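Comments concern the structure below.
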Amino acid sequence: MRFVRPSPRGGGWPGSGRRGKGGRLQPRTPFPRFFPPEEMSMANDNAKHTGAGPADALETLRHSTAHLLAHAVLELFPGTQAGIGPAVDNGFFYDFLRDTPFSTEDLSAIEEKMRRIVALDMRIEKLTLPKDEAIGLFQGLGQTLKVELIREKGGDFVTCYRQGEFVDFCLGPHLASTGALAHFKLLSVSGAYWKGDERGLQLQRIYGTAFPTRKELDDYLVLIEEARKRDHRRLGVELDLYSTAEELGGGLILWHPKGARIRAIIEQYWRERHWAGGYDVLYTPHLGREILWQTSGHLDFYKDGMYSPMDIDGQNYYLKPMNCPFHILIYKSRMRSYRDLPLRWAELGTVYRYERSGVLHGLLRVRGFTQDDAHIFCTPDQMEAEILRVLDFSTSILGDFGFTDNKIELSVRDPKNTSKYAGSDEMWTEAEASLVKALDARGFAYERMEGEAVFYGPKIDIKVKDAIGRLWQCTTIQFDFNEPARFGMSYIGPDGQGHQPYMIHRALMGSLERFFGILIEHYNGNFPLWLAPVQVAILPIAERHDDYAKTLEDTLRRAGLRPLADLRREKLNYKIREAERLKVPLILIAGDKEVAAGTASLRVHGQGDKGTVDLAALIAGVKTLVENKSLTVNL
RNA sequence: GCCAGCGUAGCUCAGUCGGUAGAGCGACUGAUUCGUAAUCAGUAGGUCGGAGGUUCGAUUCCUCUCGCUGGCUCCA
């Protein structure tokens with residue numbers, strides 16, 4: 001059967017970057033799905049898929065490989081039941097019901113078996129059976145999960161695919177023969193619920209991937225290895241950027257001096273850009289009274305995501321999971337006229353959200369994080385210009401970090417079920433139109449996702465593509481038709497009457513923790529000069545050069561750079577090795593020659609020895625690179 | 001939260017078929033004063049994640065628990 005993996009929802013307010021653990025669901029394969037379906041020999045059907053457009057050849061290949069996996073498993077482990085086995089973004093999986101868990105060794109045995117079935121080059125046949133007959137067939141095979149699936153399916157006939165002894169209830173399409181499957185690998189085994197129901201049966205899911213050619217498979221495996229090497233949790237320790245601690249609690253981050261330095265630079269940059277961009281910056285507390293969260297609706301709809309209340313003088317106070325109610329209180333602290341609007345209020349607001357222990361992951365999924373949040377309050381007339389402004393602002397800021405290849409998604413409400421949404425039809429129509437207009441004005445390609453909007457308003461999400469082609473959701477721009485009404489927000493219009501303002505939530509980086517994690521992986525720890533916590537390592541060759549090294553350090557620091565002299569009594573090679581390992585962008589070496597000439601010898605990370613440099617020229621060069629937020633070091 | 005796996009020195013890991021542990025790197029001390037990715041020697045450092053049980057004896061076996069990893073689930 002064909003199974004469309006539900007796209008991960010982009011729920012929640014800006015910033016938590018809610019996605020699969022570690023964004024693993026997120027990364028799409030960077031390899032193009034290039035070979036056209038007609039070039040492949042298909043099983044005897046070419047059945048058109050229901051709804052979702054023509055079959056993708058790579059998907060068919062993977063789906064057939066999933067069948068191959070099930071075939072092998074059922075032969076190797078009699079009594080096992082097969083669940084579902086679709087193609088997914090980077091490969092495929094198949095779910096099985098079996099008492100004994102699959103081990104890593106089992107995976108290689110299964111792969112071996114799969115290869116043997118491939119070698120037999122079995123014909124893959126499509127069967128169309130009356131429903132009763134199919135049910136009888138799978139009952140006879142002891143495949144009661146399949147029976148359940150068939151029973152649920154409408155219609156009098158069902159399609160099945162057979163290869164040798166193995167039959168699967170499936171819509172197809174499939175390749176013509178198992179011999180066409182050659183380049184696959186089983187990757188992992190994990191738990192999964194039958195039909196995704198937490199209270200239901202727990203199945204074992206085997207993940208794998210498959211490609212048309214050996215090279216593509218190898219490239220993909222190299223990519224996995226590359227991703228593993230640049231894992232932010234590994235680099236976080238190696239570069240001494242941050243840590244977590246068992247006695248601190250899961251999902252809480254300790255920022256070490258170097259990580260904190262990077263964060264402070266980002267925050268400083270962020271504030272300056274916001275002030276220059278027509279925003280004001282706010283600070284609000286970490287907790288608030290129960291009544292506030294009742295008014296906002298969070299206690300009705302978001303309680304599960306909030307920490308338990310603390311009793312203060314007999315009143316319940318809650319840690320904030322979001323910043324918006326606080327910003328609204330500031331809005332409501334005085335009368336607002338249409339002449340005051342738009343108001344653009346930004347805050348680096350630290351929020352706390354309860355996340356189930358199993359989903360926590362390094363910096364990417366945490367329980368305490370700081371959102372680069374903002375709320376824009378405007379009149380209906382201003383909405384379109386504001387959206388465009390936010391869109392430009394977002395792409396400009398992401399661009400400064402080197403994210404220039406973005407994927408944009410427009411999430412709108414489900415037209416078939418408009419009753420579950422807050423706000424009037426008119427508001428939805430207007431808001432959506434302003435989002436579309438802004439996207440069109442900039443010629444941005446985007447994907448329209450019907451029914452993906454959260455209940456309180458439509459939104460635009462921006463996913464950035466990192467250096468190895470993975471997508472990460474960062475920016476979200478969301479209309480909110482809910483809270484202004486709940487809080488009774490208003491402004492006095494030119495007509496002297498009160499009107500409800502439009503409210504737009506937006507986060508650009510999402511959460512600083514998560515964004516930092518993404519940056520570490522994107523740069524592979526090689527932070528560009530403007531972000532590098534230590535920009536220049538200064539290495540004296542012998543003790544008699546220490547004073548000169550300290551002078552160099554002092555000069556650079558006073559020039560606004562971030563230098564660090566290494567005065568340990570180690571050999572030069574040792575100190576170079578360490579500075580390179582720590583990915584310090586620039587290394588200055590000072591020995592007798594340099595002391596005499598008042599210069600230094602420059603080494604650039606990843607580029608090696610650059611020879612003697614003039615100090616003033618170096619400082620000027622570094623400043624230019626910092627100014628331009630250059631991603632490379634040309635000195 | 002659920003399924004599976006893993007927790008041994010700061011880090012990476014070895015080891016004990018039950019008799020309380022070892023390496024490399026790092027740290028520290030000393031010697032070396034050195035020219036573009038690891039100088040040499042020595043020292044310290046672990047109630048083997050935590051609690052309980054079985055046992056003469058547990059880091060090893062069992063139970064619970066905490067944390068981490070891969071997924072699932074959740075994400076008004």
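We name chains A, B, ... by the order of the sequence lines, and we start the count at 1 in each one. If you're wondering where the values come from, they're calculated on a predicted model, not measured in any experiment.
- Residues passing the ring-ring contact (aromatic ring centres under 6.0 Å, His included) test with A/Y523, sequence neighbours excluded: A/F527.
- For the pair A/L435 and A/P458, the minimum side-chain heavy-atom distance is below 4.5 Å.
- Using the Watson-Crick or G-U wobble rule with both distances under 3.5 Å, B/C72 pairs with B/G1.
- Proximity of A/L319 to A/M306: side-chain heavy atoms (C-beta onward) are nowhere separated by under 4.5 Å.
- A sub-4.0 Å separation between OP1 or OP2 of B/C72 and a side-chain N or O of A/S190 is absent.
- Atom P of nucleotide B/C13 and atom CZ of A/R234 are separated by 9 Å, given to the nearest angstrom.
- Distance check on atom P: B/C61 versus B/G24 gives 27 Å, rounded to whole Å.
- Base pairing analysis places B/A51 opposite B/U63; the two distances defining the Watson-Crick or G-U wobble pair are each below 3.5 Å.
- In this entry the distance linking CE of A/M322 with C1' of B/C75 reads 9 Å, nearest Å.
- Within the 4.5 Å cutoff, the side chain of A/Y302 has no heavy atoms near those of the A/W293 side chain.
- In this structure, the CZ atom of A/R365 is 14 Å from the P atom of B/C68, given to the nearest Å.
- Nearer to the 5' terminus of RNA chain B, by closest-nucleotide assignment, is the contact made by A/G251 (compared with the other of A/D300 and A/G251).
- Spacing of C1' atoms, B/A58 relative to B/U73, comes out at 37 Å, to the nearest Å.
- Counting any heavy atom pair closer than 4.0 Å across all strands shown, A/R98 reaches no nucleic acid atom.
- Scanning atom types as modelled, one donor and one acceptor separated by under 3.5 angstrom connect the side chain of A/Y193 and the base of B/C2.
- A/D95 places its CG atom 9 Å from the P atom of B/U73, with the value rounded to the nearest Å.
- The aromatic rings of A/H286 and A/Y352 sit tilted, their planes meeting at an angle between 30° and 60°.
- Closest to the A/Y207 side chain, of the nucleotides B/C74, B/G70, B/C72, is B/C72.
- OP1 and OP2 of B/G71 both lie 4.0 Å or more from every side-chain N or O belonging to A/H361.
- B/G10 and B/G45 have their C1' atoms separated by 9 Å, given to the nearest Å.
- Between the P atoms of B/G22 and B/U47, the separation comes to 15 Å (whole Å).
- Proximity of the aromatic rings of A/F92 and A/Y94 is defined here by a centroid distance below 6.0 angstrom, and this criterion is not met.
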note = Per-nt protein contacts along nucleotides 34-41 of chain B (heavy atom under 4.0 Å; B base, S backbone sugar-phosphate only, - none) come out as BBBBBB--
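- Pair check for B/A21 finds none; no Watson-Crick or G-U wobble contact set falls under 3.5 Å.
- One P atom belongs to B/G7, the other to B/U33, and the distance between them is 46 Å to the nearest Å.
- Under the Watson-Crick or G-U wobble criterion, with both distances below 3.5 Å, B/A9 has no partner in any strand shown.
- A/T209 places a side-chain N or O within 3.5 Å of a backbone atom of A/N90 that can act as its donor or acceptor partner.
- For B/U29 and B/A44, the P atoms lie 15 Å apart once the distance is rounded to whole Å.
- Following rounding to the nearest Å, A/F369 (CZ) and B/C75 (C1') show an atom-to-atom distance of 11 Å.
- Atom-to-atom, CG of A/L97 to C1' of B/C72 comes out at 15 Å; the value is rounded to the nearest Å.
- Contact of the A/K320 side chain with the A/T284 side chain is registered, since non-hydrogen atoms from C-beta on lie closer than 4.5 Å.
- Across all strands shown, nothing is found opposite B/C34 as a Watson-Crick or G-U wobble partner with both distances under 3.5 Å.
- Phosphate proximity of B/U69 to A/R233: present, with a side-chain N or O under 4.0 Å from OP1 or OP2.
- Between the NZ atom of A/K195 and the P atom of B/C3 there is a distance of 20 Å, rounded to whole Å.
- B/U12 sits 28 Å from B/G18 when the P atoms are compared, rounded to a whole Å.
- Salt bridge annotation for A/R581-A/E578: present, with a cationic side-chain nitrogen under 4.0 angstrom from a carboxylate oxygen.
- Remark: B/A27 base-pairs with B/U43. Criterion, Watson-Crick or G-U wobble with two distances under 3.5 Å.
- Atom NZ in A/K575 sits roughly 15 Å away from atom P in B/G26 (whole-Å rounding).
- Using atom C1' as the reference point in both B/G30 and B/A14, the two lie 30 Å apart (nearest Å).
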